[in-house]
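Some notes on the structure that comes next.
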Amino acid sequence: MRYWLIKSEPTTYGIDHIAKDKTTSWGGVRNYQARNFMRDQMKVGDQAFFYHSNCEEPGIVGIVEVSAAAHPDETQFDKKSPYYDASSKREEPRWLNVDFKFVKKTPLVSLNELKKHKKLDRMRILQKGNRLSITPVDPDEWKYIVKLMAA
DNA sequence: GCCAACGTTGGC
DNA sequence: GCCAACGTTGGC
């Protein structure tokens, strides 16, 4: 079982959206590295920090869990979707995604807070210029952050 | 709104 | 296969 961090913009699809939906298909990811994480490494039961990006207070705001393994991303075949990909064929889908289910909201652990902890300075999210929307989280880092939330 | 960092595209 | 140009991300 692995741990992850997934980014989303709260105005587009934030923690309150998934709290209401209960589960959601994590479609629209158009980055090969992120796709490969979902396709090759994510398993049902893996947990992920839900991170709000591009907003007033960027940071971790909740926990979600993988509820379905990678499957073809429906938005790539939908001509009306902003994620439509004309070069992807049904017989050979280019984009895949997992489903996530809501676990809980957590107290905000802001980006600024994360930066303060020496233990966390290797996290992908804290590296300069990192834009990857799905990144692995080390089990030690996970535990450390969960403790921060409880404090 | 700015801009640095990054991924992708396409001409050669 | 190189690399400049472009578009996007995301913190500030």
Side-chain angles (χ1 to χ4, degrees), chain A residues 2-21 23-42 46-66 69-100 102-138 140-142 144-149 151:
Chain A
R2 294 174 193 269
Y3 296 104
W4 306 91
L5 182 146
I6 62 171
K7 290 187 208 171
S8 193
E9 300 189 16
T11 52
T12 308
Y13 194 87
I15 192 70
D16 289 328
H17 294 99
I18 192 169
K20 181 160 163 284
D21 294 345
T23 71
T24 193
S25 200
W26 207 246
V29 174
R30 294 294 178 268
N31 171 285
Y32 290 106
Q33 251 184 294
R35 180 205 65 183
N36 293 350
F37 282 140
M38 289 196 281
R39 185 190 61 190
D40 305 333
Q41 298 191 31
M42 276 194 189
D46 281 7
Q47 293 203 315
F49 289 131
F50 196 103
Y51 178 95
H52 279 171
S53 67
N54 209 4
C55 58
E56 206 156 311
E57 285 197 293
I60 296 166
V61 292
I63 291 174
V64 297
E65 186 175 310
V66 177
H71 54 82
D73 179 341
E74 282 306 314
T75 64
Q76 71 195 306
F77 306 122
D78 178 2
K79 284 190 178 157
K80 283 175 291 200
S81 167
Y83 304 114
Y84 177 66
D85 184 347
S87 59
S88 183
K89 301 278 161 285
R90 283 229 173 242
E91 315 81 73
E92 206 183 336
R94 174 176 302 178
W95 304 109
L96 304 172
N97 67 269
V98 300
D99 295 355
F100 287 112
F102 176 72
V103 174
K104 62 178 178 180
K105 287 171 109 173
T106 64
L108 172 76
V109 184
S110 69
L111 179 60
N112 275 331
E113 176 69 21
L114 292 170
K115 282 179 181 166
K116 286 180 192 160
H117 297 270
K118 192 109 204 322
K119 267 225 155 206
L120 303 175
D121 63 9
R122 299 192 62 202
M123 289 184 78
R124 289 286 287 273
I125 191 88
L126 301 180
Q127 308 310 309
K128 197 178 181 186
N130 173 63
R131 301 184 316 172
L132 198 52
S133 64
I134 297 176
T135 50
V137 173
D138 208 78
D140 287 340
E141 291 165 350
W142 180 277
Y144 190 85
I145 293 169
V146 168
K147 265 189 204 162
L148 288 182
M149 289 165 170

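Just so we're on the same page: letters track the sequence lines, and every chain starts at 1.
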Take the protein atom [atom1] of [X] and the nucleotide atom [atom2] of [N], then report the distance between them rounded to whole Å.
X	N	atom1	atom2	value
A:R124	B:dA5	CZ	P	16 Å
A:Y13	C:dT9	OH	P	19 Å
A:I125	C:dG11	CD1	P	7 Å
A:L111	C:dG10	CG	C1'	10 Å
A:L132	C:dG10	CG	P	9 Å
A:R131	C:dC6	CZ	C1'	12 Å
A:N54	B:dC2	CG	P	15 Å
A:E9	C:dT9	CD	C1'	8 Å

> Hey, mind stepping through A:E57 and A:S110 against side chain to side chain donor-acceptor pair (under 3.5 Å) and telling me if it holds?
Replying inline: CA-CA 7 Å; A:E57 285 197 293; A:S110 69; over 6 Å; no
> So which one's nearest nucleotide on DNA chain B is more toward 5', A:K128 or A:R30?
Replying inline: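 The residue mapped nearer the 5' terminus is A:K128.
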>> Parallel, tilted or perpendicular, judged at 30° and 60°: which one describes the rings of A:W142 and A:F49?
In response: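 The rings of A:W142 and A:F49 lie parallel, inter-plane angle below 30°.
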>> Side chain of A:K115 only, heavy atoms from C-beta on: which candidate in B:dA4, C:dC12, C:dG11 is closest?
In response: C:dC12
>> The side chain of A:N31 is closest to which nucleotide in this list: C:dG10, B:dG7, C:dG11?
In response: B:dG7
> Quick one: do A:K89 and A:E92 make a salt bridge, cutoff under 4.0 Å?
Replying inline: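 Salt bridge flag = no for A:E92 with A:K89.
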>> Which heavy atom of A:L126 sits nearest to which heavy atom of A:L120, and what is that distance?
In response: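 Between these two residues, the closest heavy atoms are CD1-O, 3.2 Å.
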> Reckon A:Y32 has a side-chain N or O less than 4.0 Å from the OP1 or OP2 of B:dC6?
Replying inline: no
> Is any side-chain nitrogen or oxygen of A:K7 closer than 4.0 Å to OP1 or OP2 of C:dG10?
Replying inline: yes
